[in-house]
Amino acid sequence: MKIDKEYKGLVIKKFNEFFLVELNQKENFYSDNKFLCKIRKSVNFRNQLVFVGDEVIFSQIDLKSKRATIESLVKRNNLLERPSVANISNIYVICSVEEPKLNLSQVNRFLISAEQLGVEVSLVLTKCDLITEDKRLSLIDKFQKWGYQVISLNLNNSDNFENLMYELKKKKCSIFMGPSGVGKTTLLNMIIPGLNNTTAPVSSKIKRGKNTTRNVELFSLSSNSYIVDTPGFNMQIPEIDIRELPNLYPEIYKQVVTKGINCKFRNCLHVNDQGCNLNKNFERYIFYKEMIESFKNHHYLTQGD
Ligand SMILES: Nc1nc2c(ncn2[C@@H]2O[C@H](COP(=O)(O)OP(=O)(O)O)[C@@H](O)[C@H]2O)c(=O)[nH]1
Ligand SMILES: [Mg+2]
Ligand SMILES: [Zn+2]
């Protein structure tokens with residue numbers, strides 16, 4: 001028997017032409033609310049254009065076989081590439097303070113890359129058991145000055161982990177990103193009981209190579225809250241328009257938005273520009289300037305209109 005009614009659902013997993021769709025939790029009409037769906041053939045969007053994290057309208061629910069048909073795609077807020085996940089609300093950049101050692105330029109690149117999605121970005125510092133309390137406090141202070149909320153974790157002390165967990169449950173769809181070996185899988189295993197993904201010490205990881213066979217999947221943390229489980233992904237600074245760069249640094253965009261600083265030119269890049277009013281007295285300015293300069297050397301972008 002098929003239910004001839006349309007429902008809204010969330011794509012939590014994708015395999016080939018199949019999509020696992022979770023029924024919108026407000027419509028709790030059936031105890032198992034996950035349905036294996038295919039896209040209706042006549043629909044004019046292709047399989048490849050629906051991703052994990054997308055909201056879809058589905059119908060033709062068959063309660064026995066737990067199959068249904070996707071009818072249409074709800075407009076998405078954003079789409080992350082590699083892994084492809086739609087509608088992310090929060091990115092947590094994960095970096096370890098030791099093993100591997102904290103690399104400020106790398107932290108910067110991950111943050112910039114995360115900022116491009118235009119969602120809330122936070123920083124998680126792992127392996128704080130390997131540094132002194134003074135060092136931990138000074139790192140928190142440093143990254144707060146970069147404009148970020150900082151969560152510091154220590155496997156031997158679960159207090160901050162509990163706070164992170166509490167926070168994640170209030171966010172719609174969170175994803176972790178960060179370099180290899182910093183403890184992302186360890187964290188996901190703590191967050192999603194029964195997940196049991198393999199973790200590996202930094203040295204053996206290099207030999208093993210990257211595990212990319214597993215599919216991206218969303219896990220429910222509480223009603224209307226999910227976390228993305230991903231086999232990991234390469235972070236690279238994709239094509240950014242040089243004019244976007246100032247919008248990816250909180251130290252800069254907060255000056256513009258909250259303090260209302262006004263440079264002479266609307267497209268001011270805040271480097272050697274005439275009439276620039278940006279307060280450049282912040283730690284990451286050097287990274288920013290380097291990035292602008294490397295853009296100028298490698299990209300021939302026209303400034304302004
Ligand atoms: N000392 C310490 N080691 C940790 C901590 N979290 C993870 N590790 C170790 O770091 C290594 C890499 O962890 P993994 O989760 O595989 O990192 P991933 O590559 O980011 O997924 C493993 O040997 C973990 O046991 C921590 O808080 N403290
Ligand atoms: Mg991992
Ligand atoms: Zn300026």
Side-chain angles (χ1 to χ4, degrees), residues 83 91-103 106-107 110 123-133 135-136 139 151-165 175-192 195-217 227-235 242-247 249 251-257 259-282 285 288-289 292 303-304:
I91 297 180
Y92 290 83
V93 170
I94 320 278
C95 289
S96 56
V97 294
E98 285 290 341
E99 298 179 12
K101 251 193 183 0
L102 200 63
N103 172 333
Q106 186 186 51
V107 180
F110 271 99
L123 182 64
V124 176
L125 296 176
T126 58
K127 312 199 188 186
C128 288
D129 48 307
L130 303 176
I131 55 171
T132 63
E133 180 65 5
K135 178 73 183 166
R136 186 183 73 90
L139 286 173
I151 298 155
S152 66
L153 298 179
N154 170 349
L155 273 189
N156 309 320
N157 177 342
S158 63
D159 284 1
N160 291 351
F161 174 76
E162 294 304 327
N163 292 339
L164 172 62
M165 210 46 218
I175 190 167
F176 291 163
M177 64 188 274
S180 185
V182 299
K184 298 182 297 298
T185 303
T186 306
L187 250 180
L188 273 174
N189 284 338
M190 289 163 71
I191 291 166
I192 311 164
L195 184 65
N196 253 316
N197 282 332
T198 49
T199 61
V202 180
S203 56
S204 65
K205 181 154 294 204
I206 295 154
K207 284 179 236 142
R208 236 169 27 113
K210 278 213 170 70
N211 168 16
T212 50
T213 49
R214 222 156 29 77
N215 285 328
V216 177
E217 191 169 352
I227 189 154
V228 183
D229 177 29
T230 149
F233 54 101
N234 293 326
M235 193 277 318
I242 194 168
R243 287 163 294 185
E244 273 303 306
L245 217 46
N247 302 329
Y249 281 80
E251 304 95 315
I252 299 176
Y253 67 68
K254 282 184 183 161
Q255 284 194 47
V256 176
V257 175
K259 293 188 186 143
I261 67 138
N262 235 327
C263 301
K264 187 171 173 192
F265 298 106
R266 195 167 50 86
N267 299 318
C268 186
L269 288 175
H270 317 299
V271 179
N272 296 318
D273 312 60
Q274 195 195 347
C276 177
N277 287 322
L278 185 83
N279 176 0
K280 302 176 176 68
N281 185 21
F282 57 93
Y285 184 69
Y288 171 77
K289 197 173 158 192
I292 290 280
Q303 253 194 71

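This is a predicted model, so every value here is computed, not measured. In listed order, ligands and their atoms are each counted from 1.
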Could you tell me, atom by atom, which parts of ligand 1 come under 4.0 Å of a heavy atom of Thr186? 7 (C), 13 (O), 14 (P), 15 (O), 24 (C)

Using a cut-off of 6.0 Å, state whether more than 12 heavy atoms not belonging to Gln274 lie near its atom CD. no

Geometric class of the Phe282/Tyr285 ring pair [parallel <30°, tilted 30-60°, perpendicular >60°]: perpendicular

Tell me which N, O or S atom from His270 is the closest to the Zn ion (ligand 3). ND1

Polar contact flag for Leu130 and ligand 1 (N/O pairs, less than 3.5 Å): no

Assess whether atom CG of Asn281 is packed by more than 12 heavy atoms of other residues, nucleotides or ligands within 6.0 Å. no

The Mg ion (ligand 2) to nearest N/O/S of Ser180 below 2.8 Å: no

Angle at the Zn ion (ligand 3) between SG of Cys276 and SG of Cys268, to 10°? 110°

Heavy atoms only: which of Asp129, Val97, Leu188 lies closest to atom 1 (N) of ligand 1? Asp129

May I ask you to check whether Cys128 has an N/O atom sitting below 3.5 Å from an N/O atom of ligand 1? no

Does the side chain to side chain contact (heavy atoms under 4.5 Å, CB included) test come out yes or no for Phe265 and Asp273, once each step is laid out? CA-CA 8 Å; Phe265 298 106; Asp273 312 60; 5.6 Å; no

For Pro100 and Lys127, work out which heavy atoms get closest and say how close. CD-NZ, 4.5 Å

Before signing off on this row, confirm whether Val182 and ligand 1 have an N or O atom pair separated by under 3.5 Å. yes

Considering distance alone, does some N or O of Thr126 sit under 3.5 Å from an N or O of ligand 1? no

Minimum heavy-atom distance between Pro83 and Ile175, given as atom pair plus value: CG-CD1, 4.4 Å

Can you confirm whether more than 12 heavy atoms, excluding those of Lys280, are under 6.0 Å from its NZ atom? yes

